[in-house]
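What follows is one structure encoded as structure tokens, with my remarks underneath.
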Amino acid sequence: MLDQIHLLAAVTVLGVLEQAYFFLQVIYARREFRISPPKMSGPPEFERIFRAQVNSSEYFPIFLALLWQAGLFFHQGLAAALGLLYLYARYCYFTGYRASSSERLAPIYFSAGVLWILIAASALGILHFCLSHYVGLNILQLLTA
């Protein structure tokens, strides 16, 4: 069983570490710009860092759910590779947003595209499982015949 999920688990840990890095960047920015919690506004430089972290946190549960569904029902290796691409795109989004709000656009579009591919892989994998398990129809055998 573990050989079927080890890559997904590794990408999950990397994702958690990335989220921790983003959280720390907000803490450092709060200190730098002297913005005490619960305040969420300040200079544009702080607000961009804060928004990048919040936005990344909002998408993280969606990413995790899709990563694991695609990995379990479609293909672990593909899902893990897509997961690494997503995490890299999120890092580029964070650093781009920190520099300028316009620099966040290309990475956010790329990460959204990766999420759509994970959605498709998840849906196809779940459809294949349901058809083969409940109907006895194996799509892969039909396609290769």
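Excluded from the calculations below are hydrogen atoms, water molecules and symmetry mates; all remaining heavy atoms, backbone and side chain alike, are included.
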So, taking the atom named [atom1] in [X] and the one named [atom2] in [Y], what distance separates them when rounded to the nearest 0.5 Å?
| X | Y | atom1 | atom2 | answer |
| --- | --- | --- | --- | --- |
| R30 | F50 | CZ | CZ | 6.0 Å |
| L82 | L66 | CG | CG | 10.5 Å |
| L78 | I117 | CG | CD1 | 8.5 Å |

Sequence neighbours excluded - side-chain hydrogen bond (donor to acceptor under 3.5 Å, both in side chains) pairs with any residue from [range]:
| range | answer |
| --- | --- |
| residues 94-109 | Q25-R98, S100-S102 |
| residues 112-127 | none |
| residues 56-68 | T12-W68, Q19-S57, Q53-S57, S56-R90 |

Do any pairs count as a ring pair (Phe, Tyr, Trp, His ring centres under 6.0 Å) and have a residue in residues 11-38, sequence neighbours left out, and if so which ones? F22-F94
With Y91 via ring-ring contact (aromatic ring centres under 6.0 Å, His included) - residues at least two apart: none
Taking all atoms of both residues into account, what is the closest heavy-atom pair of R48 and A99, and its distance? NH2-O, 3.4 Å
Hydrophobic side-chain clustering at under 4.5 Å (ILVMFWY, transitive links): who's grouped with L17? Put none if nobody. V13
For F63, side chain to side chain contact (heavy atoms under 4.5 Å, CB included) partners two or more places apart: V11, F60, L67, Y86, L87, L115, L118
Expected list for residues 124-135: side-chain donor-acceptor pairs under 3.5 angstrom, two or more places apart:
unit_1	atom_1	unit_2	atom_2	d
H128	NE2	N138	OD1	3.2
S132	OG	H128	O	3.0
S132	OG	F129	O	3.1

Sidechain-backbone polar pair: E47 side chain, G42 backbone, donor-acceptor under 3.5 Å: yes
Starting from L84, can I reach I5 by hopping between I/L/V/M/F/W/Y residues whose side chains sit under 4.5 Å apart? yes
